[in-house]
Participant: 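Before we start, here is the structure in question, set down as structure tokens.
Worth saying up front: this structure is predicted, and the values here are computed from it rather than measured. A, B, ... follow the sequence lines: proteins, then strands. Residue 1 opens every chain.
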Number of protein chains: 2
Amino acid sequence: MSELMNEEQARRYTITQLCREFDVTPRTLRFYEQKDLLHPAREGMNRIFSYRDRARLSLILRGKKVGFSLDDIKEMLDLYNLKDGQVTQLQVARSKGLAQLEHLKDQKLALDEAITDLERAIEIVEGMLTERGIDTEAEFAQAESA
Amino acid sequence: MSELMNEEQARRYTITQLCREFDVTPRTLRFYEQKDLLHPAREGMNRIFSYRDRARLSLILRGKKVGFSLDDIKEMLDLYNLKDGQVTQLQVARSKGLAQLEHLKDQKLALDEAITDLERAIEIVEGMLTERGIDTEAEFAQAESA
DNA sequence: ACGTGTGTTGACGTTGACGTAAGGGTCACT
DNA sequence: AGTGACCCTTACGTCAACGTCAACACACGT
């Protein structure tokens, strides 16, 4: 490979480069382009991702990690271009964030409830088993994935 | 015996009765029948759900609540009929329960991480907004500037 | 010239749990 | 006889976020 990395070339990424860096598949990046989340240029047939694309991808994945839908993410990302000092974008992001946060907290409540429910159910089942003279202690978790 | 039979016979449910009681739609019960989770009898064209069906539905919904898939639920429910003192059924239920419990706990860890991530992100956004002289103190939001 | 590796483009499949449409029957009241 | 409530059927649609092909293009090294 060439030793000189001028700035322009440093800010260009091929699809597999980005895939490796962010651990996603090419299909995913093409999907994001199709969804208008990324806008890679073309060189012949091949996609060329810019530094901006890379930054957007990073934001997309972070957004996904906290449970935003791709549509939500697109909405927030699109506001980058409005340039009213980015205030609108920030306000939208904040409001969406607060909503999502509430959503996550609701999920957490439901999840905690599910966990205690399930724990209690398992205890009942184990009680029924020991009643029948079957040992349920110190067994290895039978990792039976069907 | 005859009185008991009468009581048993009295426990017949139409589709909408069960729907109202468990807050599900008719489509759902038909779907469960199609998936072999419920086995209502017919009277003419109409489904007649027995007390057993009602009990199964209750179990189905409880299973769903703790995150079991319908396939898992079916597997466990089907073991009711094997009658080896129900030991097999209990053992399968226990093992599936433990697996699902681990799954839920994993989810909980991810969820907690997502929540703190999102909280931090919101703080950053709010910081950027107050920097721009915009008020972020919403009326019902509990988040105050630190 | 050849294979290998990397890229491209659709188009269809997957998963889970149903929803919806479209059409029609039966029954009790009024 | 009409109205409305309830019931049935089959079949296709939905959502999210991709996965999985198939078929084809291009460059590189040998």
Participant: Do A:Val87 and B:Ile124 share a hydrophobic cluster, counting only Ile, Leu, Val, Met, Phe, Trp and Tyr and linking them when any side-chain heavy atoms are less than 4.5 Å apart?
Facilitator: yes

Participant: Out of D:dC6, C:dT8, D:dC18, which nucleotide sits closest to the side chain of B:Thr16?
Facilitator: D:dC6

Participant: Quickly work out the A:Ile60 CD1 to D:dA16 P distance and round it to whole Å.
Facilitator: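 The distance from CD1 of A:Ile60 to P of D:dA16 comes to 16 Å, rounded to the nearest Å.
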
Participant: Going by the side-chain contact (heavy atoms from CB on, under 4.5 Å) test, name the single residue among B:Asp78, B:Asp71, B:Leu77 that passes it with B:Lys74.
Facilitator: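 Going through the options one by one, the only one that passes is B:Asp78.
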
Participant: Specify the separation, in whole Å, of atom CD of A:Gln34 and atom C1' of D:dA16.
Facilitator: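 My rounded result for the distance is 13 Å.
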
Participant: Take atom CD of B:Gln17 and atom C1' of D:dC7, then tell me their distance rounded to the nearest Å.
Facilitator: 13 Å

Participant: Indicate yes or no: does B:Arg42 engage B:Glu33 in a salt bridge with an N to O separation below 4.0 Å.
Facilitator: yes

Participant: Across the strands shown, which category fits A:Lys64 at heavy-atom distances under 4.0 angstrom: base, sugar-phosphate, nothing?
Facilitator: sugar-phosphate

Participant: Output the single nucleotide from C:dG7, C:dG19, D:dC6 whose closest atom is nearest the side chain of B:Arg20.
Facilitator: D:dC6

Participant: Among the candidates C:dT8, D:dC7, D:dT9, find the nucleotide nearest to the side-chain atoms of B:Arg42.
Facilitator: D:dT9

Participant: Less than 3.5 Å apart, which donor and acceptor atoms pair up between the side chains of residues 111-118 of chain A and the rest of the protein, not counting sequence neighbours?
Facilitator:
residue  : atom : partner  : partner atom : Å
A:Asp112 : OD1  : B:Lys108 : NZ           : 3.0
A:Glu113 : OE2  : B:Lys65  : NZ           : 2.9
A:Thr116 : OG1  : A:Glu113 : O            : 3.0
A:Asp117 : OD2  : B:Lys65  : NZ           : 3.4

Participant: Of A:Thr25 and A:Met45, whose nearest nucleotide on DNA chain D comes first from the 5' end?
Facilitator: A:Thr25

Participant: Take atom CG of B:Leu37 and atom P of C:dA17, then tell me their distance rounded to the nearest Å.
Facilitator: 10 Å

Participant: Would you say A:Thr28 reaches D:dG19's phosphate, i.e. side-chain N/O to OP1/OP2 under 4.0 Å?
Facilitator: yes

Participant: For the pair made of CG in B:Leu29 and P in C:dC18, what is the distance, rounded to whole Å?
Facilitator: 10 Å

Participant: Tell me: CZ of B:Phe31 to C1' of D:dT9, nearest whole Å?
Facilitator: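 Taking CZ of B:Phe31 and C1' of D:dT9, I get 17 Å after rounding.
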
Participant: Could I get the full list of salt bridge (charged side-chain N to carboxylate O under 4.0 Å, His left out) partners for A:Lys96, not counting sequence neighbours?
Facilitator: A:Asp72, A:Glu75

Participant: Nearest to the A:Arg47 side chain among C:dT9, C:dG7, C:dC18, which nucleotide is it?
Facilitator: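 Closest nucleotide among those given: C:dT9.
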
Participant: Side chain of B:Tyr32, heavy atoms from C-beta onward: which of C:dG7, C:dC18, D:dC7 has the nearest atom to it?
Facilitator: C:dC18

Participant: Among C:dC18, D:dC8, C:dT9, which nucleotide has an atom closest to any side-chain atom of B:Arg30?
Facilitator: D:dC8

Participant: Can you find a donor-acceptor pair, distance only, under 3.5 Å between A:Arg27 side chain and D:dT20 base?
Facilitator: yes

Participant: Grab the CG-P distance between A:Asp23 and D:dA17 for me, whole Å please.
Facilitator: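 Interatomic distance, CG of A:Asp23 to P of D:dA17: 18 Å.
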
Participant: Whole-Å distance between D:dA17 C1' and A:Lys35 NZ?
Facilitator: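 Between C1' of D:dA17 and NZ of A:Lys35: 8 Å.
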
Participant: Which nucleotide wins on minimum distance to the side chain of A:Leu70, given the candidates D:dC7, C:dG19, D:dC18?
Facilitator: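 For the A:Leu70 side chain, the nearest candidate turns out to be D:dC18.
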
